[in-house]
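Shown next, in structure tokens, is the structure this report addresses.
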Amino acid sequence: MNTIPNTLIDWYTAHRRDLPWRKTKDPYAILLSEIILQQTRVDQGLDYYHRFLETFPEVSDLASASEQEVLNLWQGLGYYSRARNLHKAAKRIVELNSFPDTSSELLKLPGVGPYTSAAIASFAFDEVIPVLDGNVFRFIARLLCIEADPSNEQAKKVIRTFLESIIPKEDAASFNQALMEFGSLQCKPQKPNCETCPLNSECIAFKQSKVSSIPLKKEKPKRRKRYFNYLVVLENGKILVQQRGGADIWENMFEFPLIESLEALDIEDLAPLIPNDILKNASVGRYFRRKKHLLSHQEIYSTFLVLNLDKEVSIEGKKWIPFAELEDHPFPRIIDKFLEENSLLEGKNPRFV
DNA sequence: AAGTCGGGGGA
DNA sequence: TCCCCAGACTT
């Protein structure tokens with residue numbers, strides 16, 4: 001008889017991608033990969049995984065780094081609370097003197113939720129527990145024809161119960177890998193290849209022609225519009241930056257002095273809002289008009305106004321850094337793009353000066 | 001239970 | 001443009 005697990009494992013053997021975190025049992029490396037891959041496609045996270053392992057080969061290396069170093073390495077990947085929590089988790093593991101080796105202990109680590117704790121417990125410690133990520137939800141929801149969206153806790157419960165009833169006691173890890181890989185490559189979101197699917201005869205959604213409508217989609221929240229007017233304040237090869245606070249996007253990351261407004265501002269509207277301690281010594285340089293930057297819940301319109309100072313004045317809550325030290329500071333993409341486009345990351349004077 | 005947290009690749 | 005990605009945390 002050909003059970004679902006057997007079918008999946010056979011499919012996996014034939015179609016699996018060669019991914020680095022599948023070649024190790026090191027719980028730290030697996031933790032790293034799982035955190036990086038939260039809400040992130042494999043090809044987007046791959047380089048970060050290698051860089052983190054190279055920079056911090058062991059969990060103790062990560063634990064003894066500064067948060068700024070960790071955020072700096074995470075720069076560009078998004079959802080930066082993952083980096084801050086990963087750093088906290090590493091410190092916790094070092095304190096514990098041993099790596100948590102059960103899903104329930106792993107669940108206590110910051111940034112480690114139901115999916116990630118199950119994944120690490122399964123892949124690193126061979127615990128018999130099913131993983132339930134977006135790929136698995138989609139696959140099983142279609143197989144059982146569960147018309148719900150992925151945030152539906154009741155549907156997750158049904159799916160978990162089903163998975164627990166079929167998960168093999170021996171090599172549950174391969175079964176879990178196969179589950180996710182199948183959801184990702186075969187039972188994919190758009191245009192799944194149902195005609196050649198080895199499970200189509202058992203797929204209720206397929207029989208009922210409901211595959212394309214499962215899982216249900218949640219109505220997308222509207223993006224809040226924000227207007228970020230950045231001041232690019234320069235003086236003798238240095239630039240003025242500040243660190244962002246909490247309770248907002250990009251917590252603890254750096255940016256230029258910011259004037260946020262509820263509406264789009266013209267440069268005439270902006271001028272009177274520039275802090276006096278900056279403005280009084282400044283000559284106004286180039287003005288970069290609005291660009292749009294999309295986040296999942298926000299739509300940010302940015303402008304950049306260059307101000308050249310003739311002497312370095314100290315400004316409360318902000319610090320001057322030489323161009324060459326920009327690369328040591330974690331910036332959100334909106335700032336990093338500006339730095340790139342104007343050659344500021346090369347330690348030279350920017351293009352517009 | 002709903003809102004918030006990034007960024008990018010592909011259709 | 002829209003969709004969605006190896007989700008978790010806060011409110």
Side-chain angles (χ1 to χ4, degrees), chain A residues 12 16-17 19-22 29-49 71 74-86 88-89 106-124 130-139 148-156 173 176-185 187-192 212-213 215-224 226 244-253 255 292-300 330-337:
Chain A
Y12 182 58
R16 62 177 288 179
R17 289 169 290 182
L19 301 174
W21 42 85
R22 289 181 175 158
I30 291 169
L31 166 69
L32 211 46
S33 72
E34 293 302 338
I35 301 294
I36 286 173
L37 292 171
Q38 286 170 3
Q39 291 293 286
T40 303
R41 290 184 320 284
V42 164
D43 43 346
Q44 192 184 355
L46 206 44
D47 288 344
Y48 285 86
Y49 173 76
L71 278 173
W74 199 273
Q75 176 176 310
L77 197 53
Y79 283 157
Y80 297 95
S81 67
R82 290 183 293 170
R84 297 189 300 269
N85 283 332
L86 172 65
K88 289 181 197 159
L106 287 159
L107 188 57
K108 297 176 183 171
L109 296 173
V112 175
Y115 162 73
T116 306
S117 58
I120 301 170
S122 172
F123 303 147
V131 294
L132 178 47
D133 71 338
N135 295 315
V136 178
F137 185 95
R138 181 176 55 252
F139 165 37
D149 73 80
S151 71
N152 188 316
E153 288 298 329
Q154 191 179 316
K156 285 193 206 170
N176 278 332
Q177 292 283 9
L179 261 183
M180 289 195 288
E181 194 78 331
F182 191 85
S184 175
L185 301 181
C187 198
K188 54 190 179 171
Q190 267 85 30
K191 299 201 294 181
S212 61
S213 63
L216 263 45
K217 278 175 286 200
K218 292 194 75 171
E219 65 285 17
K220 55 206 161 188
K222 286 171 207 150
R223 290 193 176 95
R224 174 165 69 111
R226 301 176 74 175
R244 288 184 66 85
D248 200 352
I249 53 175
W250 306 324
E251 180 178 345
N252 294 359
M253 298 183 72
E255 65 182 356
K292 186 156 82 168
H293 186 82
L294 285 176
L295 283 63
S296 39
H297 290 73
Q298 300 183 21
E299 200 169 302
I300 295 171
F331 295 105
R333 280 298 280 150
I334 197 171
I335 299 291
D336 194 44
K337 270 184 186 165

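Letters A, B, ... mirror the listed sequences (proteins, then strands); counts begin at 1.
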**Message:** Under a 3.5 Å cutoff, is there a donor and acceptor pairing between the side chains of A:Q298 and A:R226?
**Reply:** yes

**Item:** Main-chain N/O of A:G113 paired with A:S117 side-chain donor or acceptor, under 3.5 Å
**Value:** yes

**Item:** Atom-to-atom span, CG of A:L71 to C1' of B:dG6 - whole angstrom
**Value:** 13 Å

**Asked** With respect to the side chain of A:R333, which nucleotide from C:dA6, C:dC3, B:dG7 is positioned closest?
**Response** B:dG7

**Prompt:** Counting side-chain heavy atoms from C-beta on, which of C:dA6, C:dA8, B:dC5 comes nearest to A:H297?
**Reply:** B:dC5

**Prompt:** Under 3.5 Å, is there a donor-acceptor pair between the A:Y115 and A:Q38 side chains?
**Reply:** no

**Asked** Atom CG of A:N152 and atom CG of A:L216: how far apart are they, to the nearest 0.5 Å?
**Response** 9.0 Å

**Request:** To the nearest Å, give me how far apart CE (A:M180) and P (C:dC5) are.
**Result:** 13 Å

**Residue whose closest nucleotide on DNA chain C lies nearer the 5' end, A:V42 versus A:N85** = A:V42

**Asked** Taking the nucleotide of DNA chain B with the closest heavy atom to each, which residue, A:E153 or A:I249, is nearer the 5' end?
**Response** A:E153

**Message:** What contact category does A:V112 fall into here, base, sugar-phosphate, or nothing, at under 4.0 angstrom with non-hydrogen atoms?
**Reply:** sugar-phosphate

**Request:** Indicate, yes or no, whether a donor-acceptor pair under 3.5 Å links the base of C:dG7 to the side chain of A:R82.
**Result:** no

**Request:** To the nearest Å, give me how far apart CD (A:Q38) and P (C:dC5) are.
**Result:** 14 Å

**Request:** Look at A:Q39 and C:dC4 and indicate whether a side-chain polar atom (N or O) is within less than 4.0 Å of OP1 or OP2.
**Result:** no

**Asked** Given the rule that a pair is Watson-Crick or G-U wobble with both distances under 3.5 Å, how would you write DNA chain B in dot-bracket, using | for pairs to a different strand?
**Response** |||||.|||||

**Prompt:** What is the distance from CG of A:D248 to C1' of B:dT4, rounded to the nearest Å?
**Reply:** 10 Å

**Message:** What's the gap between B:dG3 and C:dA6 when it is taken at their C1' atoms, as a whole Å value?
**Reply:** 23 Å

**Prompt:** Would you say A:H293 reaches B:dG7's phosphate, i.e. side-chain N/O to OP1/OP2 under 4.0 Å?
**Reply:** yes

**Request:** Can you tell me the distance, in whole Å, between the NZ atom of A:K188 and the P atom of B:dG9?
**Result:** 18 Å

**Message:** Roughly how many Å apart are C:dA8 and B:dG9, using the C1' atom of each and rounding to a whole number?
**Reply:** 23 Å

**Request:** Remember a base hit wins even if backbone is also touched, and classify A:Q298 as base, sugar-phosphate or nothing at under 4.0 Å, heavy atoms.
**Result:** sugar-phosphate

**Asked** Is the base of C:dG7 touched by the side chain of A:T116 through a donor-acceptor pair closer than 3.5 angstrom?
**Response** no

**Message:** Measure NZ/A:K156 against C1'/C:dA8 and give the value in whole Å, please.
**Reply:** 10 Å

**Message:** Whether A:R22 and A:E181 form a salt bridge (side-chain N of Lys/Arg under 4.0 Å from carboxylate O of Asp/Glu) is what I want to check.
**Reply:** yes

**Request:** Give A:I36 one of three labels, base, sugar-phosphate or nothing, depending on what nucleic acid heavy atoms sit under 4.0 Å from its own.
**Result:** nothing

**Prompt:** Ignoring hydrogens and angles, are the base of B:dG9 and the side chain of A:Q44 linked by a donor-acceptor pair under 3.5 Å?
**Reply:** no

**A:I300 CD1 - B:dG8 P separation (whole Å)** = 13 Å

**Request:** Just call it for A:G45: base, sugar-phosphate, or nothing, with non-hydrogen atoms closer than 4.0 Å on any strand.
**Result:** nothing

**Asked** Do the side-chain N or O atoms of A:Y79 get closer than 4.0 angstrom to the phosphate oxygens (OP1, OP2) of B:dT4?
**Response** no

**Prompt:** Which sits closer to the 5' end of DNA chain B, A:R224 or A:K218, going by the nucleotide each is nearest to?
**Reply:** A:K218

**Message:** Categorize A:R138 for me: base, sugar-phosphate, or nothing, with a 4.0 angstrom heavy-atom threshold over every strand shown.
**Reply:** sugar-phosphate

**Request:** Please state how far atom CG in A:L37 lies from atom P in C:dA8, giving the value in whole angstrom units.
**Result:** 12 Å

**Message:** Salt bridge check, A:R138 against A:D133: does any charged N sit closer than 4.0 Å to a carboxylate O?
**Reply:** no

**Message:** Students often get this wrong, so: under 4.0 angstrom with heavy atoms, is A:W21 touching a base, only sugar-phosphate, or nothing?
**Reply:** base

**Prompt:** Under 4.0 Å: is that the gap between some side-chain N or O of A:R41 and OP1 or OP2 of C:dA6?
**Reply:** no

**Asked** Below 4.0 angstrom from OP1 or OP2 of B:dG7, is there any side-chain N or O of A:W74?
**Response** no

**Request:** Considering only NZ, NE, NH1 and NH2 on the basic side and carboxylate oxygens on the acidic side, decide whether A:R244 and A:E251 come within less than 4.0 Å.
**Result:** no

**Message:** Between A:R82 and A:T40, do the side chains contain a donor N or O and an acceptor N or O under 3.5 Å apart?
**Reply:** yes

**Request:** Go through B:dG6, C:dA8, C:dC5 for me and flag the one nearest to the A:P189 side chain.
**Result:** C:dC5

**Complete:** CG (A:L132) and CE (A:M180) are apart, to the nearest 0.5 Å, by 10.5 Å

**Request:** Test for a donor-acceptor pair under 3.5 Å between the base of B:dG6 and the side chain of A:T40, counting only N and O atoms.
**Result:** yes

**Item:** Upstream residue (5' side of DNA chain C) when A:D133 and A:P110 are each assigned their closest nucleotide
**Value:** A:D133

**Message:** Please verify the inter-ring angle class for A:W74 with A:Y48; under 30° counts as parallel, over 60° as perpendicular, anything in between as tilted.
**Reply:** tilted

**Message:** I want to check one thing: is the phosphate of B:dA11, taken as OP1 and OP2, less than 4.0 Å away from some side-chain N or O of A:K191?
**Reply:** no

